[in-house]
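Quick notes on the structure that follows.
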Amino acid sequence: MTMCFETVAALRSKLAAGEVTSVELTSDALARIADLNPELNAVIASSEEQAIEAAMRADEARRDGNNNPLLGIPMLHKDIFCTQNLPTTCASKMLADFMAPYDATVVRRLDQAGMVMLGKCNMDEFAMGSSNETSYFGACKNPWNTSRVPGGSSGGSASAVAAGLAPLATGTDTGGSIRQPAALCGITGLKPTYGRVSRYGMVAFASSMDQAGPMARTAEDCALVLEAMAGGDPLDSTCSEKPVPNYAQHLSDAVTGMRVGIPKEFFSSDLNPEVATAIETALKELEGMGVKLVDVSLPSTSLGVSTYYIIAPAEASANLSRYDGVRYGYRCENPTDLQDLYLRSRSEGFGDEVKRRILIGAFTLSAASYDQYFMKAQQVRRMIAQEYDDVLSKVDVIAGPSAPNTAFLLNDTSKSITDMYMEDVFTIGANLAGLPAMSVPAGLANDLPVGMQLIGRRFGEVDILKLAHQFQQRTTWHNLTPTLEERR
Amino acid sequence: MVVSQFSPDLAGSTVTQTTTVRDVADLARLIIADTDVAKVTEEFNQTLTLFEALTTVNTDGIEPMVNPCTESQPLRTDNVETLVNREGLMQNAPASEQNYFLVPRVID
Amino acid sequence: MRWEKVMGLEVHLQLATQSKIFSSSSTTFGADPNNHTNPLDMALPGTLPVLNHEAVTKAIIFGLGVGAKLGKISRFDRKNYFYPDLPKGYQISQFFEPIVKEGVFDVPMPDGSIFPVRILRAHLEEDAGKSVHDAIPNQTGIDLNRAGTPLLEVVTEPDFRTADQVVAYLKALHALVTYLGISDGNMAEGSMRCDVNLSLRLEGAEEYGTRTELKNINSFRFIERAIYVEAERQQDLLESGRHVTQETRLFDPDADETRSMRSKEVANDYRYFPDPDLLPVVVDDETIERIRAELPELPAVKRARFTDQLGLSQYDASLLTQDRATAEFFETVAARCDNPKSAANWVLGDVSANLNKSGIALTESPLGAEALADLIIRIDDGTLSSKMAKTVFDALWEGASDVDAIIEQKGLKQVSDTGALQTIVTDLIANNPAQVEQYRAADDSKQKKLIGFFVGQAMKASKGQANPQLLNQLLKDKLS
């Protein structure tokens with residue numbers, strides 16, 4: 001399939017020029033999914049008929065003069081976004097058959113922009129994980145090496161884009177769940193500023209950190225899609241009414257003279273040496289763009305994981321209380337009484353990692369622990385946010401690695417639970433502080449992708465996007481694709 | 001038709017000392033099988049060890065951060081919006097009758 | 001041992017908004033279960049709360065009504081527990097920073113004194129749904145129509161010592177909230193729900209005893225009884241050397257006792273924490289002043305005006321100001337007929353009696369305030385005797401609306417024409433010589449009784465329309 005690795009921007013031109021139709025792109029994508037997904041398990045469910053119908057409507061709209069940049073381009077949604085056309089499972093037994101009676105705002109907006117939804121992507125259950133291994137529908141594979149993880153929790157989205165199943169997939173990022181899988185799969189992923197994109201219809205994990213974002217081949221694609229996703233929503237109190245810039249238009253704004261801070265704590269012993277080398281090479285490229293690299297310090301980096309793993313599970317423990325077998329979702333068989341209904345529905349419906357986090361969350365919120373753990377973590381959170389603000393008052397963007405390692409092996413039993421949590425060490429700060437951050441491909445280490453992270457000021461997506469875009473104009477790492485056998 | 005309007009609040013909320021994982025599991029309505037208690041407790045403790053890093057941090061006078069937003073709560077006009085998809089609301093109900101959601105009979 | 005009851009009240013008021021506190025579903029009572037619900041009310045995944053402007057306004061209005069300090073920045077918190085009528089598994093409430101803080105509410109007691117109650121706080125929260133236990137066999141049905149309705153929970157300090165004070169407070173609270181137009185404040189319908197925290201201590205003691213919470217008692221009578229019964233129970237415990245357990249209890253009116261709520265065996269830690277889906281609610285001074293300027297006259301102020309300026313008794317003033325509809329009805333009548341005392345008598349007397357008999361509210365009264373005022377005017381100007389006035393009143397109640405028309409139609413004009421009355425009197429005296437002689441021979445006190453005969457006859461002759469005062473005067477003159 002010659003077009004399967006084309007960018008959204010390139011496909012737009014081809015569609016506009018009449019070189020290809022949306023129906024062709026869509027059916028090719030569906031065929032590719034049918035071929036490769038049995039191995040990759042990146043897609044949980046696809047909607048062939050509806051996708052083709054949507055593609056037909058897009059082609060017709062184009063004939064009628066609609067030239068929206070996203071019109072007719074096939075895409076996938078992480079299975080955490082409510083869609084009326086397909087179940088929304090969050091990769092959990094708890095919601096395996098759940099049919100949402102409404103679309104998430106993100107879904108609605110991209111649909112209105114004319115994008116064609118092919119299906120829903122695999123993920124870690126309820127977005128809790130960094131490897132996509134906690135999914136009820138089985139692990140997802142990294143297309144670069146199918147014995148390895150794609151990262152998580154947006155593992156399916158990253159794997160799908162990396163494998164050319166679609167040029168774009170939506171993801172969500174609470175502690176790094178867009179950036180880390182993007183890094184591990186060699187694609188570009190953006191977590192917007194907290195409040196930039198509506199969370200309505202996006203199943204909640206940690207309400208004060210969850211953000212939806214695009215995962216694609218390039219920063220330019222992310223810019224195009226973010227513009228369509230972002231903006232105020234009366235259905236989400238935390239969604240900002242700040243005007244949405246025309247991100248695509250600013251991609252070529254001057255970057256010379258930009259100051260990029262490199263936190264020394266991001267190059268600690270947590271960082272795999274080969275990854276460190278790749279990042280250093282990438283940073284030199286930034287320098288070559290006329291950007292000034294500045295040494296900075298984020299001393300609270302080492303506190304981020306603890307802070308996050310108190311706050312996120314606490315919020316999640318409350319957000320997941322609604323799954324009780326009463327109004328929707330999994331219900332145990334023949335409950336004997338109300339408590340039995342709750343206990344068995346929840347225990348049978350949730351996977352182990354979800355249960356672990358609910359327990360930790362309930363614990364840190366309990367009366368005896370609240371001050372010492374939860375409130376403390378919220379105070380440290382403000383400290384961390386303040387630290388980022390201070391640094392970002394002296395530099396425009398912070399840069400460093402997205403993840404400490406490249407893609408690790410599936411079923412790596414040597415990794416403890418807390419080892420897994422440490423995968424988020426570099427990404428977590430941006431979630432705690434609510435800052436925009438993205439991962440761009442920065443080469444390979446041991447034949448596996450490495451991602452460079454760029455973190456901006458609140459609502460500073462323009463800065464990180466233009467830097468990333470111009471970085472991608474002078475480097476070619478984002479064009480690398482994994483070799484995949486196509487089964488026919 | 002008897003309509004019960006109570007909910008199980010305690011006067012002043014009797015506080016439970018959640019010293020065991022079982023107590024926490026009860027609060028969260030999760031079952032921990034006897035055979036799993038040791039493992040779950042071990043994992044729990046591992047995670048708590050991770051949190052120890054915070055105990056030495058001086059946070060005097062720092063206001064807890066609930067949400068990175070700096071704005072205040074937007075207020076919605078008091079208008080009724082009728083739902084467009086009522087069947088959709090009940091379609092996922094595991095057990096319903098006469099438009100009620102059903103649970104095993106609760107005795108006051 | 002003399003024991004003192006110490007009580008604090010938590011009253012939940014359903015705020016009279018059109019839509020719910022966080023969702024745009026209607027708050028009106030729907031017939032079918034779950035037909036006033038939307039994805040947010042059902043806690044479907046991905047749904048988010050957005051705060052209703054009117055709920056905030058009504059909370060502020062309440063705060064101003066009790067002279068409370070307002071929480072210029074208040075926040076919402078999650079109160080976590082599992083129950084089927086609580087769809088999210090947590091209730092959004094205000095635990096740490098309520099919108100209304102300390103205030104004092106002056107409660108008028110039946111004897112005319114004022115009992116000041118310290119309001120500790122009032123906060124916004126969402127209501128739960130309803131559980132129905134006998135619609136389907138062996139099942140409890142959950143109806144979420146009510147889930148998400150805005151509530152204002154008003155918490156007092158433990159200032160109450162008697163059941164009378166509690167009842168007076170609840171009545172005054174009802175009056176206040178209906179005045180302010182923020183709630184129906186109706187206990188029987190559930191728009192005002194009262195929980196009583198009760199403990200005992202020895203008179204003169206400073207420390208508080210262990211309290212129990214009496215929940216969901218929905219009438220004044222039951223509240224009085226529940227307080228009595230629970231105080232007795234606690235007294236028995238304490239006097240026999242046992243302890244009172246802190247717990248929630250229900251009042252069973254049939255068994256005339258309180259009992260522990262069975263679900264209390266599962267202890268609860270609510271794990272309150274700030275709700276990250278909602279931002280701090282900021283209320284600025286400008287908003288507060290704007291709301292203050294638009295407040296209706298408060299019951300206490302009205303009461304004072306009725307006694308000081310209109311000359312009504314404390315008792316009448318209290319009764320008339322019990323709800324806004326009655327007060328405004330009375331004011332309209334009094335202003336139009338310029339006779340407040342008479343207006344008060346009619347409103348509290350015949351109007352009230354008729355309303356009770358028909359089982360309707362004042363707002364449904366077939367007799368309008370203007371018509372009643374016109375009636376009083378015709379009494380005061382001598383056109384109608386009190387007896388004839390009652391006839392007119394009845395006609396108005398039946399649906400007629402023009403007092404003069406009724407008088408004309410039924411020929412009810414009081415005969416005050418001295419000449420006509422003179423004639424009647426003269427004829428009477430001429431035709432009843434025996435009674436006249438009896439009268440003239442009697443002493444003063446007997447005369448008072450005997451004149452009744454003449455009055456009666458004269459009334460008959462005038463078809464009941466003789467002006468009684470004038471008639472009396474003429475008779476006395478002629479008979480002496």
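We name chains A, B, ... by the order of the sequence lines, and we start the count at 1 in each one. Source: prediction; values computed, not measured.
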Q.
Keeping Ser321(A) on the side-chain end and Phe82(C) on the backbone end, is there a donor-acceptor pair under 3.5 Å?
A. no
Q.
Given heavy-atom pairs under 4.5 angstrom as the criterion, report whether the side chain, backbone, both or neither of Tyr194(A) touches chain C.
A. side chain
Q. So which part of Asp277(C) gets closer than 4.5 Å to some heavy atom of chain A, the side chain, the backbone, both or neither?
A. both
Q) What's the shortest heavy-atom distance between Pro45(C) and Phe98(A), and which atoms? A) CD-CZ, 3.5 Å
(Q) Using every non-hydrogen atom in the two residues, find where Thr238(A) and Pro276(C) come nearest and quote the distance to one decimal. (A) CG2-O, 3.7 Å
Q | Interchain contact, Leu341(A) with chain C, by part (heavy-atom threshold 4.5 Å) | A | neither
Q: Report the option among Ala318(A), Gly201(A), Pro101(A), Cys82(A) that has the most heavy-atom pairs separated by less than 4.5 Å from atoms of chain C.
A: Ala318(A)
Q) Quick one: what part of Asn319(A) sits under 4.5 Å from any heavy atom of chain C, side chain, backbone, both or neither? A) both
Q. Distance-only, no hydrogens or angles: does the Arg322(A) side chain make a donor-acceptor pair with backbone N or O of Leu44(C) under 3.5 Å?
A. yes
Q: List the steps, then state whether side-chain contact (heavy atoms from CB on, under 4.5 Å) holds for Ser207(A) with Arg78(C).
A: CA-CA 13 Å; Ser207(A) 316; Arg78(C) 295 186 181 178; 3.5 Å; yes
Q. Where do Ser237(A) and Leu278(C) come nearest, in terms of heavy atoms and distance?
A. OG-CD2, 3.9 Å
Q.
How close do Leu48(C) and Leu235(A) get, counting heavy atoms only, and between which atoms?
A. CB-O, 3.6 Å
Q. If you count heavy-atom pairs under 4.5 Å with chain A, which of Pro84(C), Gly89(C), Pro274(C) comes out on top?
A. Pro84(C)
**Q.** side-chain contact (heavy atoms from CB on, under 4.5 Å) evaluation trace for Arg271(C) with Tyr370(A)
**A.** CA-CA 8 Å; Arg271(C) 288 156 283 144; Tyr370(A) 185 87; over 6 Å; no
Q: Answer with side chain, backbone, both or neither: which region of Tyr328(A) has an atom nearer than 4.5 Å to a non-hydrogen atom of chain C?
A: side chain
(Q) Using a 6.0 Å cut-off, check whether atom NZ of Lys93(A) has over 12 heavy atoms from anything other than its own residue. (A) yes
Q.
Taking atom CG as the centre, does Asp97(A) end up with more than 12 heavy-atom neighbours from other residues, nucleotides or ligands that are less than 6.0 angstrom away?
A. no
Q. Take atom NE2 in His12(C); do more than 12 heavy atoms of anything else shown fall under 6.0 Å from it?
A. yes
Q | From CA spacing to verdict: side-chain contact (heavy atoms from CB on, under 4.5 Å), Arg327(A), Leu144(C) | A | CA-CA 10 Å; Arg327(A) 299 163 309 291; Leu144(C) 297 175; 3.6 Å; yes
Q.
Counting only heavy atoms not in Asp284(C) (residues, nucleotides, ligands), do more than 12 fall under 6.0 Å from its CG?
A. yes
Q: Please state whether the side chain, the backbone, both or neither of Phe81(A) comes within less than 4.5 Å of a heavy atom of chain C.
A: neither
Q) Can you say whether Leu338(A) sits under 4.5 Å from chain C via the side chain, the backbone, both, or neither, judging by heavy atoms? A) side chain
Q | Contacting moiety of Ala314(A), where chain C heavy atoms sit under 4.5 Å | A | backbone
Q: Between chain A and each of Thr47(C), Asp275(C), Asn34(C), count heavy-atom pairs under 4.5 Å; write down the option with the most.
A: Thr47(C)
(Q) Looking at Ser366(A), is its backbone amide N or carbonyl O close enough to the side chain of Asp269(C) to form a donor-acceptor pair, meaning the two atoms are under 3.5 Å apart? (A) no
